[in-house]
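These notes are about the structure you will find just below.
Note: hydrogens, waters and symmetry copies are ignored here, and every other heavy atom, side chains too, is used. When a residue number appears, it is its place in the shown sequence, counting from 1.
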Amino acid sequence: LAKVQQQSLQLQGQAKVQYKNDRHLTLLLLNINLLRAGNKDFARQAFAHLRYNFKFSDTWIGEAFGQVQTSPIQLLQQRNLFGAGLRYRLLKSADGRQRIYLGAAWLWEHSRFTEPENPRSWHRSSNYISTTFRPGNKVTLINTTYWQPVWGLIRNFRLSSEWLLKVDLTKKLAFTV
């Protein structure tokens, strides 16, 4: 048997808080991941996102958002951003189960990196397409793909895609990947 020489700490958590009323939606997402052994961090990431949506009509929605993120493994000491824009509902099926949205927003981003240590600020265009596909009563597939170029420097862009698959097991329990 080996004797443990150092203490370790692991902390993981996430929360989603949403308030929806008539034409208003407020969303808060929180995520933290910490793994420390001895005096060394093997993982140290945190993320907070606050969003407010206002429904102008059945197809047009205004959005405002702010975000804070840290991820030293990605050489990101801290990223702060905020922005605002519009979302357009391109498609809604007759039963409301299939949807496609297009979004465009301005965002300001300030990032401090661990290497090199100089902070950077950019104005970006944040453009996305979001699709929701519900083939049955128990399965939902959601995809959002973002393209975020720096204004005036289109070669500097961020491209990301998020996928969510949810399978309802009961009325109050679901498996999500």
Please give the remaining members of the hydrophobic cluster of [X], linking ILVMFWY side chains under 4.5 Å, ordered by chain and number.
X: Leu25; answer: none
X: Leu9; answer: Leu11, Ile32, Leu34
X: Trp147; answer: Ile154, Phe157, Leu159
X: Leu107; answer: Phe65, Leu81

**Request:** Starting at CG of Leu153, measure out to NE2 of His123 and round the result to the nearest 0.5 Å.
**Result:** 13.5 Å
**Request:** Name all residues meeting the side chain to side chain contact (heavy atoms under 4.5 Å, CB included) criterion together with Val68; count only those two or more places apart in sequence or in a different chain, and write none if there are none.
**Result:** Gln78, Asn80
**Prompt:** What residues, two or more places apart in sequence or in another chain, satisfy side chain to side chain contact (heavy atoms under 4.5 Å, CB included) together with Ala48?
**Reply:**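 Result, side chain to side chain contact (heavy atoms under 4.5 Å, CB included) vs Ala48: Leu30.
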**Item:** Val139 vs Leu141 side-chain heavy atoms within contact, under 4.5 Å
**Value:** no
**Sub-4.5 Å side-chain heavy-atom contact between Thr59 and Tyr88** =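 With C-beta onward as the side chain, the pair touches.
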Show every donor-acceptor pair shorter than 3.5 Å between a side-chain atom in residues 12-21 and any protein atom, with sequence neighbours excluded, or say none if there are none.
from	atom 1	to	atom 2	distance (Å)
Gln12	NE2	Asn33	OD1	3.4
Gln14	OE1	Asn31	ND2	3.4
Tyr19	OH	Asn21	ND2	3.1

**Item:** Pairs meeting criterion salt bridge (Lys or Arg N to Asp or Glu O under 4.0 Å) with involvement of residues 60-82, two or more places apart
**Value:**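 Qualifying pairs: Arg51-Glu63, Glu63-Arg87, Arg79-Glu109.
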**Results of ring pair (Phe, Tyr, Trp, His ring centres under 6.0 Å) for His49 - residues two or more places apart only** =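 Here no residue qualifies.
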**Message:** Applying side-chain hydrogen bond (donor to acceptor under 3.5 Å, both in side chains) as the test, list every pair that has at least one member in residues 130-141; sequence neighbours left out.
**Reply:**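 Checked against side-chain hydrogen bond (donor to acceptor under 3.5 Å, both in side chains) - neighbours excluded - the pairs reaching residues 130-141 are Ser130-Thr144.
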**Item:** Pairs involving residues 167-177, ordered by first then second residue, that meet side-chain hydrogen bond (donor to acceptor under 3.5 Å, both in side chains) (sequence neighbours left out)
**Value:**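 Found none.
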**Item:** Those residues that, when tested against Arg120, pass salt bridge (charged side-chain N to carboxylate O under 4.0 Å, His left out) (two or more places apart)
**Value:** none
